[in-house]
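Whatever order the structure lists them in is the order used to number ligands and atoms, beginning at 1. Predicted model only: the values in this text are computed from it and were never measured.
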Amino acid sequence: MTGKLVICATPIGNLGDASPRLLEALRSADLIAAEDTRRTLNLLRHFGIVTQVLSYHEHSTQHKHEALLHHLSMGKTVALVSDAGTPGISDPGEELIRDAIDGGVEVTIIPGPMAGVAALVISGLPTGRFAFEGFLPRGKRERRQVLANLQSEARSLVFYEAPHRIKDTLGDMYDAWGDRRAALVRELTKAFEEVKRGTLSQLLDHFAVNEARGEMVLVIEGNDAPPSLGEGVSPEHLLEILLSEGYSPAQAVRRAVKQCNMPREELYRLAMQLGNAQE
Ligand code: SAM
């Protein structure tokens with residue numbers, strides 16, 4: 001008989017976001033594997049939960065990792081939590097989850113807060129398609145390389161960043177991509193929750209005179225330039241590319257019209273035909 005690994009998302013600030021299902025999972029688990037036992041004990045104390053807590057973080061030894069897998073193989077139910085938000089998202093968990101799956105353990109999830117998704121939605125930037133990039137590399141050269149590789153990414157981009165690096169990061173983004181719409185989302189669900197919406201240059205101006213504080217997520221608009229209508233690329237082909245990238249016919253036409261010498265209505269008719277053919 002194998003046990004069960006329950007991946008538990010926890011609040012990213014406001015304990016009122018703990019769902020009844022989360023509390024029940026933490027209460028009924030045989031043990032809780034926690035990134036930071038002190039933080040998790042605070043959460044448990046608040047809700048009067050007395051389940052045993054073991055530490056499990058990114059520097060955990062192989063021995064700890066195997067001990068948890070052993071508990072699971074003995075039929076125990078282990079709840080996995082990180083400091084805040086969803087385990088495995090810029091937090092430990094991925095390896096344990098993979099090994100549990102490979103070991104035939106039942107894996108289930110209590111979904112909940114994830115700062116990146118909450119920030120994307122509140123940013124007001126396009127939510128239809130997005131790329132979560134987590135933390136950028138700390139080294140300047142690696143960071144600039146990652147940003148250069150993302151230059152033509154059309155999806156909205158979501159980054160985690162620390163306050164002491166935010167000015168450098170905004171500057172590097174401006175250098176790599178020019179001025180784009182952006183939102184700096186801070187302290188979600190907490191007393192000083194704040195969203196600064198504008199462009200990269202406006203955010204740079206803001207932080208030139210204001211101190212950056214708290215936990216923050218940066219959401220940046222994707223590259224709005226449609227794929228180039230190079231020689232021999234017909235409006236039909238351009239629409240095909242846009243539709244295959246997931247744009248609706250109306251969105252594809254809005255982007256293609258800038259490059260095609262064709263009335264909007266005609267492009268729309270073409271996009272609808274192609275869209276129906278692709279279904
Ligand atoms: N696992 C977490 C999740 O699901 O979002 C992310 C953990 S990562 C180590 C921590 C980063 O998430 C912070 O540096 C910040 O960028 C972002 N973050 C976490 N809580 C936040 C909040 N309340 N408001 C804004 N950003 C937050």
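No cation-pi contact links Arg155 to Phe132, judged by a cut-off of 6.0 Å to the six-membered ring centre and 45° from its axis.
None of Glu161, Glu194, Glu193 except one satisfies the salt bridge (Lys or Arg N to Asp or Glu O under 4.0 Å) rule with Arg186; the exception is Glu194. For the side-chain contact (heavy atoms from CB on, under 4.5 Å) test with Thr10, the passing option among Val81, Thr40, Leu15 is Val81; the others fail.
Side-chain contact between Arg143 and Asp168: present, with at least one pair of heavy atoms (C-beta onward) separated by less than 4.5 Å. In this structure, Pro11 and Leu22 have side chains that are in contact, with non-hydrogen atoms separated by less than 4.5 Å.
Around atom 19 (C) of ligand 1, the closest heavy atom drawn from Glu35, Glu215, Met216, Glu194 belongs to Glu215. For atom 2 (C) of ligand 1, the nearest non-hydrogen atom from the set Ala84, Ser90, Ala115 belongs to Ala84.
For ligand 1, the atoms sitting less than 4.0 Å from at least one non-hydrogen atom of Gly85 are 3 (C), 4 (O), numbered in the order shown with element in parentheses. Of all the atoms in ligand 1, the ones that sit under 4.0 Å from a non-hydrogen atom of Lys190 are 23 (N).
Between Ala33 and Leu68, the shortest heavy-atom distance links the atoms CB-CD1, 3.9 Å. Taking all atoms of both residues into account, the shortest heavy-atom contact from Gly214 to Glu187 is CA-OE2, 3.5 Å. Contact between Arg255 and Leu242 at its shortest, heavy atoms only, is NE-CD2, 3.6 Å.
Between Ile89 and ligand 1, at least one pair of N/O atoms sits closer than 3.5 Å. For Gly116, no nitrogen or oxygen atom sits less than 3.5 Å from a nitrogen or oxygen atom of ligand 1, counting backbone and side chain alike.
The nearest protein atom to atom 22 (C) of ligand 1, hydrogens excluded, is given as Leu188 N, 3.6 Å; this is a heavy-atom distance. Given atom 4 (O) of ligand 1, the protein heavy atom at minimum distance is Thr86 N, 2.8 Å. Annotation: atom 14 (O) of ligand 1 to nearest protein heavy atom, Phe135 CZ, 3.4 Å. In terms of protein heavy-atom proximity, atom 5 (O) of ligand 1 is closest to Tyr160 OH, 2.6 Å.
The proximity of Glu193 to ligand 1, defined as any non-hydrogen pair under 4.0 Å, does not occur for either the backbone or the side chain. At a heavy-atom distance under 4.0 Å, only side-chain atoms of Asp91, from C-beta outward, approach ligand 1.
Residue-ligand proximity: Val217 is placed with a non-hydrogen atom under 4.0 Å from ligand 1.
Salt-bridge annotation for Arg98 and Glu94: present, with a side-chain N of the basic residue lying under 4.0 Å from a carboxylate O of the acidic one.
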